[in-house]
There are 2 protein chains.
Amino acid sequence: MSAFDKLFAYVDENQKYYIDRLAEVVAIPSVSGEASRRPEVVKMGEWLIKELKTLGATVQVHHPGKQTLEGQELDLPPIVLGTYGTDPAKKTVLVYGHYDVQPAFKEDGWATDPWTLVEDDKGRLIGRGSTDDKAPVISWLWVIEAHQKLGVEMPVNLKMCFEGMEESGSEGLDEYIEKEAKGAFFGDVDCVCISDNYWLGSNKPCLTYGLRGISYFMVEVAGPGKDLHSGVFGGTVHEPMTDLFTVMSKLVSPTGKILIPGIYNDVAPVTESEDKMYDSLDFSLADIHSAMESKCTIHGTEKEALMARWRFPSLSLHGIEGAFSSPGSKTVIPAKVIGKFSIRSVPNMEPKKITELVKDFVNAEFAKIGSKNTLTIDCGHAGKAWVADTNHYNFVAAEKAIERVFKVKPDFTREGGSIPVTLTFQEALNKNVLLLPMGRADDGAHSINEKIDKTNYIEGIKLLASYLHEISVAQA
Amino acid sequence: MSAFDKLFAYVDENQKYYIDRLAEVVAIPSVSGEASRRPEVVKMGEWLIKELKTLGATVQVHHPGKQTLEGQELDLPPIVLGTYGTDPAKKTVLVYGHYDVQPAFKEDGWATDPWTLVEDDKGRLIGRGSTDDKAPVISWLWVIEAHQKLGVEMPVNLKMCFEGMEESGSEGLDEYIEKEAKGAFFGDVDCVCISDNYWLGSNKPCLTYGLRGISYFMVEVAGPGKDLHSGVFGGTVHEPMTDLFTVMSKLVSPTGKILIPGIYNDVAPVTESEDKMYDSLDFSLADIHSAMESKCTIHGTEKEALMARWRFPSLSLHGIEGAFSSPGSKTVIPAKVIGKFSIRSVPNMEPKKITELVKDFVNAEFAKIGSKNTLTIDCGHAGKAWVADTNHYNFVAAEKAIERVFKVKPDFTREGGSIPVTLTFQEALNKNVLLLPMGRADDGAHSINEKIDKTNYIEGIKLLASYLHEISVAQA
Ligand SMILES: [Zn+2]
Ligand SMILES: [Zn+2]
Ligand SMILES: [Zn+2]
Ligand SMILES: [Zn+2]
């Protein structure tokens, strides 16, 4: 029996145990976004520390400091750093996950109590945090445990970085990684694996090699010293809302084309091999339609739609601060309004250049209208797009692991959103980063009735174990 | 001594008395918009009933029913109908006022307690409701009282309609007037006088003969079944916000020109005599600038600015319901957004025609962009513009009264906003309606430190008395 066969058999035998342990952590409502739940987040962090120590891992705990939430000063939950194995002859793999979860209330429409893991008749394990990100996080522990129980040697040195603030902006994490990039924990990492995203559909596993960046803009138009009554002032005053609508309506066409001159200049061209990747993906327009509960997609083919989501920039208008936004009618001329929009960027767009193009265009459009109001535009925050080299042994090993466990070639996917820590690891450590998802597209990570399929969890444990073994034999 | 001389002398002698009585009613915090203050509104209504009865007036009380406010079911305050005199040989004048007031909190920045009338060293009587509308309302009582004390016969039959819900939508009033238009109280009215607005500036009295109407529109764009994440869906979906901005940006130019074809077709042309009226008005651009705390006016002359406010239509964008409107940044693609805008209309624009033009234009603009989203547009509420015949004896009498009291010819003004009861009286009773203000432009009716100047109050009592006498001798 090969090490793989032994591990797979062991994992299959212990299915009930793994589900019981998942139920144990789902029962800890570690919601990082609610002040009153903060002790539960800390409890979940301590649960991990205890389990890691039981497995014989070395554990360091970093306390990132304090934050103010709902008017209270709170300790940020600990960043848990586990090290299992320090053999200089082995590769060192850094894995990341988060042990905090989104809020959940039965009243939002959950069919069952969100904090009690329930297995339904379709083999779905339902509960808050089941797929995001508790199953993946604890699966790394089960990989170590299985090796110990079987007396099989761990093929790599494993470094685990688990944070408790991912759902609330990962406060304190980036600074710590950047500061400690050359330190004892992060300094000798060979490659990075993050399991915190999802398959493209419901049937086929995938490896994720790209994320779009984001540049978020605030454009403020101000004029009158206070809100005015439209009866008294309508027709006599340059209205900030009129100016804002005039300018913001010039940013993007109703079919999604960004109208800012030069914005597409730096977009990396689609290569032939990249183009081919799109042809075999497990995806259909019906998947988008069902996810958005509507058929108002712009494109007619899967390939166009996925390219628009993954590898071309987009611009969305999010809203206006300072205007009338409640139900009913109010005859106000708002004195100061802040329009909010963002651009999803792709390689090789640079945030600095994006900001420059946007500012120049918006200022020029505003100058055209001859208003006596003032306009200011600022980039609120920006994060670069990320794309990984899929020829790196990190991806090659993961691909082999998927073929071994699932008997199929994985999809190679990107995502339209950003997972900021991905770029932080790549830039601070200068190592290849792989996103290796465990759950499916329809898991409902931030929604009601969040679930992970039992097969995804159990095969996922096998996948993580196989991945580490494939890494150990891969050509660096 | 003429009746005028006797009345003027009497009013001057009783200044302290009038101020004390104003203090008495300001001390009743009759805020119609706060559930907890409702008993005070009723108390103020009862104060008026008692005073009217003491003066020998016949009093009818109409209870308009109930309303729900702040989750409580409340009785609407009474509509107080007083009749003083029923001589068929005399004209019958209907006067209207309201005894409720706006909310007021010391913390909002009041220099003194809002419910304690204070006279400052500039002769300003400061307190909530002082100018809006308690001084005008009680002044009608002082006119009756002065005639009684002097043994001078009242020159007209006076009908008084005082409501307690004006600051909260005049609930129940319009229906009552319409239903009772031919009834015993309203049926024999010859003309109507409302004292509930303000001089154009601070120096010169005015008569107001026009108000703009309003048509309020809600334009809804819907597509996705739920709010979407711009990372996942940006670039792939027709975004309702993009469609809404595209359409709403076409409605009005940054210099205030409405861009809806045909909208100006019915606007009554400016006549020569009307044009001349604007030349002698007590008004300067500095007044607008100080009122809006900014110099972002569109026009360079007083005449253009006032015409834009009073006698030309305007279109204001008020806001969006359903979009992101809080501080901070959120990367949402709103699924359904409702844009709100309104058109201030003027004679001879008809609400039905306005709605038709707006709907046709908005639907055509939306059709142009080829979106898969859906757009619906509706007129939420509409009120017609009002303009009175200034050659009617009602205005002629008021003009003479002003010349008698103030020794100047009044300004003839319009207002940009609407006072719905004005149109109701004109349309239901089919009688000439006059707006005869008592206070000044800078009284701060709905603001902190609301005041009425002592001279405006005292000369105002004389004005109301003189007006009734001039009415009685005017050529009908
Ligand atoms: Zn996650
Ligand atoms: Zn999440
Ligand atoms: Zn009023
Ligand atoms: Zn008012």
Which one wins on heavy-atom pair count under 4.5 Å against chain A: [options]?
options: B:Gly328, B:Gly322, B:Ser342; value: B:Gly328
options: B:Gly235, B:Ala323, B:Ser253, B:Pro313; value: B:Gly235
options: B:Lys226, B:Lys295, B:His299, B:Met307; value: B:Lys226

Could you tell me whether a side-chain N or O of [X] sits under 3.5 Å from a main-chain N or O of [Y], the two making a donor and an acceptor?
X: B:His318; Y: A:Val332; value: yes
X: B:Ser314; Y: A:Gly234; value: yes
X: B:Lys372; Y: A:Thr297; value: yes

Side chain to side chain, [X] and [Y], heavy atoms closer than 4.5 Å:
X: A:Ile320; Y: B:Phe245; answer: yes
X: B:Thr331; Y: A:Arg344; answer: yes
X: B:Val237; Y: A:Ile298; answer: no
X: A:Ser329; Y: B:Met218; answer: yes
X: B:Arg309; Y: A:Val232; answer: yes
X: B:Glu321; Y: A:Ser326; answer: no
X: A:Pro224; Y: B:Cys296; answer: yes

Heavy-atom proximity to chain B below 4.5 Å, by part of [X]:
X: A:Phe312; answer: neither
X: A:His381; answer: side chain
X: A:His229; answer: side chain
X: A:Ile258; answer: neither
X: A:Lys250; answer: neither
X: A:Pro327; answer: both
X: A:Ala335; answer: neither

Compare every heavy atom of [Y] with every heavy atom of [X], then report the nearest pair and how far apart it is.
X: B:Phe324; Y: A:Lys340; result: CE2-NZ, 3.8 Å
X: B:Thr236; Y: A:Ala308; result: CG2-CB, 4.1 Å
X: A:Met292; Y: B:Phe233; result: CE-CD2, 3.6 Å
X: B:Ile369; Y: A:Pro254; result: CB-CG, 3.6 Å

Of the listed A:Glu304, A:Lys330, A:Lys257, A:His446, the one with the largest count of heavy-atom pairs under 4.5 Å with chain B is A:Lys330
Pick whichever of A:Val337, A:Leu317, A:Leu251 has the most heavy-atom pairs under 4.5 Å with chain B. A:Leu317
Turns out that what part of B:Leu315 lies under 4.5 Å from chain A's heavy atoms comes down to backbone
For B:Ala291, is it the side chain, the backbone, both, or neither that has a heavy atom closer than 4.5 Å to a heavy atom of chain A? both
If you measure only the distance, is there a donor-acceptor pair under 3.5 Å linking the side chains of A:Ser316 and B:Ser230? no
So for atom NZ, which belongs to A:Lys303, do other residues, nucleotides or ligands contribute more than 12 heavy atoms lying within a distance under 6.0 Å? yes
List the steps and the verdict of side chain to side chain contact (heavy atoms under 4.5 Å, CB included) for B:Val252 and A:Glu239. CA-CA 10 Å; B:Val252 60; A:Glu239 301 190 14; over 6 Å; no
